[in-house]
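Remember, it's a predicted structure, so these values are computed and weren't measured experimentally. Quick note: residue numbers are just sequence positions, from 1.
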Amino acid sequence: MIRKGARAGPLSGHTHLVLYDGVCGLCNGVLRFLLKHDHRGVFRFASLQGSLGQSIVSQTGGDPGELTTFYVVAARGTPAARVLTKSDAALFLAGELGWPWKAARLMHIVPKRIRDGVYEIVARYRYRVFGRYDSCPIPRPEFRSRFID
């Protein structure tokens with residue numbers, strides 16, 4: 001069972017699934033950043049357009065056809081698994097990377113409504129600013145095992 005929401009703290013020893021818009025230039029830039037800085041190898045990835053991504057979004061009450069947010073399934077495959085979205089997902093990712101990125105967790109002092117409002121503005125204009133691919137880019141061979149779907 002996957003719980004939605006709940007403020008996420010570090011979940012050492014677990015892997016986390018990042019669901020992302022596979023054709024979004026910004027999202028793919030974030031993935032490259034995560035792959036470069038995830039020295040513990042705790043992140044796995046699946047596109048929102050794939051069957052796994054669509055299934056998880058549906059299970060948590062989201063619209064699998066709407067690609068305006070990314071999701072993180074923290075502690076995937078454990079009883080503690082929970083789904084985070086928008087600014088909560090972004091801050092969780094930063095916190096799991098360690099220092100200096102972990103400092104971004106201080107943004108939790110900003111009310112969620114404001115954080116998510118900023119997130120939604122970026123999401124609305126991301127294709128225009130960062131571009132859009134015709135299809136999901138293929139990850140480099142050394143990272144392919146971290147992509148589930």
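Taking the side chain as every heavy atom from C-beta outward, V57 and E66 never approach each other to under 4.5 Å. Contact of the K36 side chain with the F33 side chain is not registered, since no non-hydrogen atoms from C-beta on lie closer than 4.5 Å. Between L26 and V122 there is a side-chain heavy-atom pair separated by less than 4.5 Å. When side chains are defined from C-beta on, T68 does not count as touching R124, because their heavy atoms never get closer than 4.5 Å. With a 4.5 Å cut-off on side-chain heavy atoms, Q54 and L48 do not count as touching. Residues V72 and L17 are not in side-chain contact: their nearest non-hydrogen atoms beyond the backbone lie 4.5 Å or more apart. When side chains are defined from C-beta on, L35 counts as touching F147, because their heavy atoms get closer than 4.5 Å.
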Test ring pair (Phe, Tyr, Trp, His ring centres under 6.0 Å) applied to Y20 and F70, step by step: CA-CA 5 Å; Y20 65 98; F70 75 102; 9.1 Å; no
- Is there a side-chain contact (heavy atoms from CB on, under 4.5 Å) between Y127 and C24 once you walk through the steps? CA-CA 6 Å; Y127 290 147; C24 170; 3.8 Å; yes
Is there a salt bridge (charged side-chain N to carboxylate O under 4.0 Å, His left out) between R40 and E96 once you walk through the steps? CA-CA 9 Å; R40 297 180 301 140; E96 287 296 302; 3.1 Å; yes
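Hydrophobic clustering of Ile, Leu, Val, Met, Phe, Trp and Tyr side chains at less than 4.5 Å, counting indirect connections, keeps V118 apart from L106.
Proximity of a side-chain donor or acceptor of R126 to a complementary backbone N or O of A123 within less than 3.5 Å is detected. Using a distance-only test at 3.5 Å, with no hydrogens or angles considered, no donor-acceptor pair links the side chain of Q49 to the main chain of D21. No donor-acceptor distance shorter than 3.5 angstrom exists from the side chain of R44 to the backbone of T15, with no hydrogens or angles considered.
Under the rule for a salt bridge (Lys or Arg N to Asp or Glu O under 4.0 Å), R76 has no partner lying at least two apart in sequence or in another chain.
D88 and Y119 share no donor-acceptor pair across their side chains, judged by distance under 3.5 Å alone. No hydrogens or angles considered: a donor-acceptor pair under 3.5 Å links the side chains of Q59 and S55.
The aromatic rings of H39 and H37 lie perpendicular to each other, with more than 60° between the two planes, well past the 30° mark. Between F43 and H16, the ring planes are tilted. Angles from 30° to 60° get that label.
The minimum heavy-atom distance linking D116 with S87 is given by the pair OD1-OG, 2.6 Å. What you find for A104 and A94 is that their closest heavy atoms are CB-CB, 3.8 Å.
Partner E120 forms a salt bridge (Lys or Arg N to Asp or Glu O under 4.0 Å) with one of R115, K112, R113, K86 and no other, that one being K86.
The distance from the CG atom of D38 to the CG atom of L93 is 9.5 Å, given to the nearest 0.5 Å. Between the CZ atom of F92 and the CG atom of L97 there is a distance of 10.0 Å, given to the nearest 0.5 Å. Distance CZ/F45 to SG/C27: 12.0 Å, rounded to 0.5 Å. We find the CD1-OG distance between I148 and S47 to be 11.0 Å, quoted to the nearest 0.5 Å. Rounded to the nearest 0.5 Å, atoms CD1 (I56) and CG (L19) are 5.0 Å apart.
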